[in-house]
Protein chains: 2
Amino acid sequence: MRSGIMTSMAVPNPIVDTLERAGQRLTGPRRAVAELIVAREGTFTAADLVADARVRRLGIGRATVFRSIELLAGLGAVERVDLPSGDHAYVTCIPAHHHHVICARCGRTAEIGDIGVGTLARSVTRLTGFRVDEHHLELFGLCPECQLAEDR
Amino acid sequence: MRSGIMTSMAVPNPIVDTLERAGQRLTGPRRAVAELIVAREGTFTAADLVADARVRRLGIGRATVFRSIELLAGLGAVERVDLPSGDHAYVTCIPAHHHHVICARCGRTAEIGDIGVGTLARSVTRLTGFRVDEHHLELFGLCPECQLAEDR
DNA sequence: GTTTTTGCAAACCATTTGCAGGGTC
DNA sequence: GACCCTGCAAATGGTTTGCAAAAAC
């Protein structure tokens, strides 16, 4: 795959779009990080991106990768998830209320809309008296492909 | 060695029970950590316990605190939760399938049984084809007390 | 008595920060 | 041209590890 670093106007990059829409500066390094993220399917860690950048010899420093991820997380373009392993990873996502299912084998993810967690939160309030303001739901399992692979 | 300090055989400690049941060695430091955990209401971090131990002048090292927490997490006596702040904290819990609501203000928690996340997982499978094996649900909000405090 | 656990300190590793130079708007 | 962003390297802070002494079974 080519990435030509950042000349591909042809390939639409939703993350770059998010940056533009938010009025953030579209710098070379940010575009590059955006490309790296889009090039990855599934979850990725900061270290993954640093490694990717290194392999492709983009001269991007660790700090910039971390700062870009932070920026994107703030904009809701990526979301931090805590893997069962304890690692911090990120997933790209459309900025809307939703959740992810994460494949424990390949890291691929699927987005799912608000599947009734709100209702669930309401019943928690009824049961405990706690007011629920926020929630994190992460589902882990196997994607269809990896289920097949497992059966072999 | 036995930590003096908290010799209360009278106070039943569910965490100590868990250790015994699991056939783990009941060492002084482990008991002490168990006591510290029980003494805390709500979430706590490894650093909290280290500080507590220090204040009470139990001669317990950082490493031991981390190792004990790890052990207890493996046994399901405590569970790791990732706070919205990004910190890693732990909550004590009864080893059964359940979730927690965490007060964002005081850290107090309430346990809740399986409130239909299973059903929810099933519908995710239907929608995405992912097999769901595991899930993390954390709810954050305000406990009854802190709601009152806020209104003031 | 054998095996496991502990405390200490050093090692690690991921993430953050200070700062001078360079890029973006 | 002003201000923001970047890279580098050093600092940070949480967590882990190696090892000899001590405790548990």
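When reading the values below, keep in mind they use all heavy atoms of this one structure, side chains included, and skip hydrogens, waters and symmetry mates.
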Asks: Can you confirm whether or not the ring centre of A:His99 sits under 6.0 Å from the ring centre of B:His135?
Replies: no

Asks: Whole-Å distance between D:dG7 C1' and A:Leu58 CG?
Replies: 14 Å

Asks: Suppose we screen for side-chain contact (heavy atoms from CB on, under 4.5 Å). Which residues come up paired with A:Ala22, at least two apart in sequence or across chains?
Replies: A:Gln24, A:Leu75

Asks: How many whole angstroms separate atom NE2 of B:His88 from atom P of C:dT15?
Replies: 9 Å

Asks: Could you state the atom-to-atom distance from CD of A:Glu20 to P of C:dT24 in whole Å?
Replies: 14 Å

Asks: Write out a two-atom table: protein N or O, nucleotide N or O from nucleotides 4-6 of chain C, distance below 3.5 Å.
Replies:
| unit_1 | atom_1 | unit_2 | atom_2 | d |
| --- | --- | --- | --- | --- |
| C:dT4 | O4' | B:Arg25 | NH1 | 3.0 |
| C:dT4 | O4' | B:Arg25 | NH2 | 3.3 |
| C:dT5 | OP1 | B:Arg30 | NH2 | 2.9 |
| C:dT6 | OP1 | B:Thr27 | OG1 | 2.8 |

Asks: Run the side-chain contact (heavy atoms from CB on, under 4.5 Å) test against B:Arg40 and tell me which residues pass, sequence neighbours left out.
Replies: B:Phe44, B:Asp48, B:Leu49, B:Asp52

Asks: B:Arg80: what forms a salt bridge (Lys or Arg N to Asp or Glu O under 4.0 Å) with it, not counting sequence neighbours?
Replies: B:Asp82

Asks: Going by the side-chain hydrogen bond (donor to acceptor under 3.5 Å, both in side chains) test, which pairs reach into residues 62-75 of chain A, not counting sequence neighbours?
Replies: none

Asks: Indicate yes or no: at least one non-hydrogen side-chain atom of B:Tyr90 is less than 4.5 angstrom from one of B:Ile69.
Replies: yes

Asks: Could you say whether B:Ala63 or B:Leu26 is positioned toward the 5' end of DNA chain D, judged by the nucleotide with the nearest heavy atom to each?
Replies: B:Ala63

Asks: Test question: given the 4.5 Å side-chain rule for I, L, V, M, F, W and Y, name all other residues clustered with A:Leu83, or answer none.
Replies: A:Val81, A:Val91, A:Ile102, A:Phe140

Asks: Send over the distance from B:Tyr90 OH to D:dT15 P, rounded to a whole Å.
Replies: 7 Å

Asks: What is the separation between atom CZ on B:Arg62 and atom P on C:dA11, rounded to the nearest whole Å?
Replies: 15 Å

Asks: Restricting to pairs with a member in residues 55-89 of chain B, which pass ring-ring contact (aromatic ring centres under 6.0 Å, His included), not counting sequence neighbours?
Replies: A:His88-B:His88

Asks: Atom CG of A:Leu19 and atom P of C:dT24: how far apart are they, to the nearest Å?
Replies: 14 Å

Asks: At 10 degrees resolution, what angle do the end axes of the helix from C:dG1-D:dC25 to C:dC25-D:dG1 form when each is taken over five base pairs?
Replies: 50°

Asks: Please enumerate all residues that pass side-chain hydrogen bond (donor to acceptor under 3.5 Å, both in side chains) together with A:Asp133, with sequence neighbours excluded.
Replies: A:Arg131

Asks: With a 4.0 Å heavy-atom cut-off, tell me which residues in residues 43-52 of chain B come close to DNA chain C, sorted by residue number.
Replies: none

Asks: Taking only residues two or more places apart in sequence or in another chain, which ones pass salt bridge (Lys or Arg N to Asp or Glu O under 4.0 Å) with B:Glu145?
Replies: B:Arg108

Asks: Can I get a per-line list of side-chain donor-acceptor pairs under 3.5 Å for residues 115-129 of chain B, giving both atom names and the distance, sequence neighbours left out?
Replies:
| unit_1 | atom_1 | unit_2 | atom_2 | d |
| --- | --- | --- | --- | --- |
| B:Ser123 | OG | B:Leu120 | O | 2.8 |
| B:Thr125 | OG1 | B:Ala121 | O | 3.3 |
| B:Thr125 | OG1 | B:Phe130 | O | 3.1 |
| B:Thr128 | OG1 | B:Val124 | O | 2.8 |
| B:Thr128 | OG1 | B:Phe130 | N | 3.1 |

Asks: Report the distance from atom CG of B:Asp87 to atom C1' of D:dT15, rounded to the nearest whole Å.
Replies: 14 Å

Asks: Without decimals, in angstroms, what is the distance between B:Glu70 CD and D:dT15 P?
Replies: 12 Å

